[in-house]
Amino acid sequence: MAAAQEGETMLEAEGLVVTLGGSRALDAVNLVLAPGEVVAVIGPNGAGKSTLLACLSGALRPDAGTVRIDAADPATLSATELGRRRAVLEQAPTAAAPFRLDELVSLGIPRKVPPFQARQIARRAIEILGLGSFRRRPVSWLSGGEYHRAHLARALAQLWAGRLLGSGNWLLLDEPTASLDLAHQNAVIGVARAVAAEGAGVLTVVHDLTLAAAMADRVVLMEAGRIVACGPTRRVLQPAILEPVYQLPLAVSEPWPGRLAVTPLFAGEALENP
Amino acid sequence: MEALGVGRNLWHRGAPWHHQRQGHWLLLVLLLGASALALATLALGPVAMAPDRVIAALLGHGTPIETAIIWHLRLPRLLLGIAVGVSLALAGAALQGVLRNPLADPGLIGVSGGASLGAVAVIVLSGRIGIALPAALQSWLLPAAAFLGAGVVIGIVFTLARRHGETSVATLILAGVAMNAITGAAIGALIYVSDDDQLRDFTFWTMGALGGADWPLVLVVIGLTTLSAPVLISQARALDLLQLGERAAFHAGLGVEQAKRCTALATAIAVGAVTSAAGPIGFIGLVAPHLVRLIQGPRHGILLPASMLMGVCLALAADLVVRLVVPPAEPPLGLATSLVGGPFFLWLLLKDRGGRPGGGDHA
C-alpha cells in the first residue's frame, strides 16, 4: 500500500481498530478506495461494515489506525470541509420535520453554492432517482421506498455540490437498496455507476450479493470485524469464499452473459425448538 | 411512554403545501400585527390615550401625566413584552429544532425553572445576607444568575438526552420533568426562608408579569435579547440539518457540537434575561413556533424570524388581555399564557392520536 502523497485523491484506511462495548467491531482493517470505482462491502450482520463506513466518513474515530480522505486525517478537517469531500447515505435515514422533497434534497448543499446552481443540482438529483413528480410534496407523504430514494438524492446533491466546489470525490452508501423494489434497485445501481463514471469513488454496504455483483468493481467481504476477502468482484463472489462466512450453501451462476447471480440455497426447514 | 413517543409525529401535521414566497407575506402580516399591538399597549389602559397623544408623550410634548404614564409605566412594559416574545419564541423554536421534538419548550423542559431558581436565589439570598448592592449592579446580577440557572439546566438536559450520539425524546421530556421538580423544590426551599415582603414579591413574580420591572433591568434585558436573537436566527441552517439526526447532520457538513453549544448558550441568555425580569412565562415558546409551522412549514430560515414576531404578538396580546379584563386589577401574564397554552399543549397531544392521511411515517 503506497503512502498517500500530498494532494492525492484517495480514500484510505490503514490498520483500523474499533472496540465497541468491549468487543472488536473492527480489527486491523485496511482498505483503499480509488476514484472512479465502486466497491461493495458485504458480510453477515455485525461484521463491522457500518462501523467501517463510519470510520471512513469521519463520524467515528478509530481506536487505532488511520483514515486518510484525500491525504487528510478526517479528525483534522472541519465538518464543512468533510461534507464537501464526501457524502453519506445513512442506513436508516430520517427527517424529523416534514420538509418538501426539494427542500430535503437541498439540505446538504453548502451555502457557498450559488442558489441557481443549488436548485439545478437538487433538480438533477431528484430526476435521476425518478422522484420528479414529487418535488414539492412533503417527504412525510412519500412511501418507504420513495423516502429512501429522497435521502439518496440528498446525498447525491451534496456530492455534486462538493464537486462543484472542487472536491466531492467520495460517496458512501449504507444499504442504499434496502426497502426498494427491483426496478429501483436497478436504478440505484445505475446511479452508483454514473457517479463512478463521473470520477468519484463509491463505497456501498450491501446485503444482496447479486446486487453487489452488478454494482461493484471490487468486493470486500467482512466477518467479525476483519476483511476476509477483497478483490475483483468475480474473484470474491465464489462459493468457496462465501459459504464459510455466511454458513449457507450458495450457487454462483451466470444465467446471462456478463451477469452474475449469487443465490443462497435456503434449506427451508423449521428450527428445532431448544 | 406512549405519550412521549407521539411528539415525534407532531411535525408532520399541517402545512402540506407550504410555499417559500408565502414566507415574506407572513413576516409582513406578523410585523403589522406586532406594531398594532405595540401601539395598543401604549394607548390602552386605565387611562386610555389617543395615538397622537401617545406619540406626543413619547416625544416629550405631552402633559406631565401622559409623559409619566408612557415613560414610566407603559414603555418599559412594552419593551419587556417585546423581549419576552422574541426570546421565548426563538428559544422554543431553537430547542425544538436541536432536540427534534416539537414539544420542547423552555418551560416544559425546565429551562425557565432553572432561570427562576437563579433569580429567586439572588432575590432571597441577597436579602438574607443583607448586602445592599448598587442598583446598577443588581440589574445585571439578576439576569446573570438566571442565565446561569438556565444554562445549567440546558446543559444537564442536553447531556441526559444524549444516548449513542443521538438525542432520545422520551429521556428529554422525563429529564425536563425531573429538572422542573428539582428547581421547584429548590425555589420552595428559598421561599421557606424568605420574609413576608419577599414572599409576596415573588408569589407574583413566579406567575410572570411584565409590569414589575424597572428601567435599568428592562434595558439590560433588551440588550441581552438583542445579543441572543441574531445568534439564534443565524442557526437556521444548522437547525434544518439537525432534523436529519445528529449523525446525518454531521455527514451533511454540520459541526454538530458547535451548533448545539452555540444554540444552548444563546437560549440560556435569552431565557435567563426575560425570566429574571418577567418571571417564568410558559407556552409562548411552544405555541408561537407551532402556529408558524402550521402556516409556513418547517424551514428554519422562515420559522425563526416568523416565530419571533409571532411571539411578540402573543406576549403583547396576552398582556393587553390581563390588563384590560378586570381593571385596575392585573392578573399575572403567566396565568393568561398558561391558560391558553395548557389546552394547546393537550390539543397537540390528542390531535396526534387521530392518525395521518397518506404516506408512511418515517420519523
Side-chain angles (χ1 to χ4, degrees), chain A residues 20-21 50 53-54 57-60 74 77-100 102-104 106-112 134 136-148 150-151 154-155 157-158 161-162 165 172 174 179, chain B residues 7-20 96-102 104 164-167 169 234 236-259 289 293-294 297-303 356-363:
Chain A
L20 292 176
S50 295
L53 197 116
S57 79
L60 185 67
L77 298 175
S78 70
T80 315
E81 177 57 30
L82 270 174
R84 210 172 290 160
R85 293 189 183 197
R86 55 99 186 96
V88 186
L89 176 69
E90 299 77 23
Q91 192 171 16
T94 63
F99 293 115
R100 267 185 352 226
D102 54 346
E103 293 173 338
L104 179 82
S106 307
L107 280 183
I109 301 177
R111 280 201 181 132
K112 252 190 171 175
F134 306 127
R136 301 187 74 77
R137 196 168 289 188
V139 290
S140 50
W141 288 22
L142 301 179
S143 76
E146 290 158 358
Y147 187 76
H148 207 85
H151 279 281
R154 169 173 63 77
Q158 185 189 337
L165 299 171
L172 309 176
D174 201 345
S179 77
Chain B
R8 309 204 71 188
N9 299 338
L10 296 177
W11 292 115
H12 297 279
R13 308 270 146 184
W17 310 101
H18 32 273
H19 300 285
Q20 277 161 347
Q96 289 163 19
V98 170
L99 301 165
R100 287 188 296 293
N101 186 318
H164 309 297
E166 293 289 328
T167 304
V169 169
S234 74
R237 181 178 144 81
L239 294 172
D240 274 348
L241 284 174
L242 280 169
Q243 301 318 302
L244 300 172
E246 288 182 15
R247 173 67 68 89
F250 168 73
H251 283 155
L254 176 72
V256 172
E257 287 311 312
Q258 196 200 346
R293 239 179 250 121
L294 285 175
R299 285 293 297 267
H300 286 86
I302 289 289
L303 179 62
R356 195 165 45 87
D361 198 331
H362 319 287

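Every chain is numbered from 1, with letters handed out A, B, ... down the list of sequences.
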Chemist: Tell me, side chain or backbone of His151(A) under 4.5 Å from chain B's heavy atoms, or both, or neither?
Modeler: side chain
Chemist: To the nearest 0.5 Å, what is the distance between CG on Leu172(A) and CG on Leu89(A)?
Modeler: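 Output value for this atom pair is 10.0 Å.
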Chemist: Donor-acceptor pair, Asp240(B) side chain versus Arg299(B) backbone, under 3.5 Å?
Modeler: no
Chemist: Among residues at least two apart in sequence or on other chains, which ones pass side-chain contact (heavy atoms from CB on, under 4.5 Å) with Thr80(A)?
Modeler: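 Thr80(A): side-chain contact (heavy atoms from CB on, under 4.5 Å) contacts with Ser78(A), Arg84(A).
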Chemist: Is it the backbone or the side chain of Leu82(A) that comes under 4.5 Å from a heavy atom of chain B, or both, or neither?
Modeler: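 Side chain only.
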Chemist: Heavy-atom pairs under 4.5 Å with chain B: which of Gly83(A), Ala155(A), Ala59(A), Ser57(A) has the most?
Modeler: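 Option with the greatest count: Ala59(A).
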Chemist: What part of Ile109(A) gets closer than 4.5 Å to chain B, counting heavy atoms only: side chain, backbone, both or neither?
Modeler: backbone
Chemist: To the nearest 0.5 Å, how far apart are CG in Leu241(B) and NE2 in His251(B)?
Modeler: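 So the CG of Leu241(B) and the NE2 of His251(B) are separated by 12.5 Å.
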Chemist: So for Arg86(A), is it side chain, backbone, both, or neither that comes closer than 4.5 Å to the heavy atoms of chain B?
Modeler: both
Chemist: When rounded to the nearest 0.5 angstrom, what distance separates CD in Glu146(A) from CZ in Phe134(A)?
Modeler: 3.5 Å
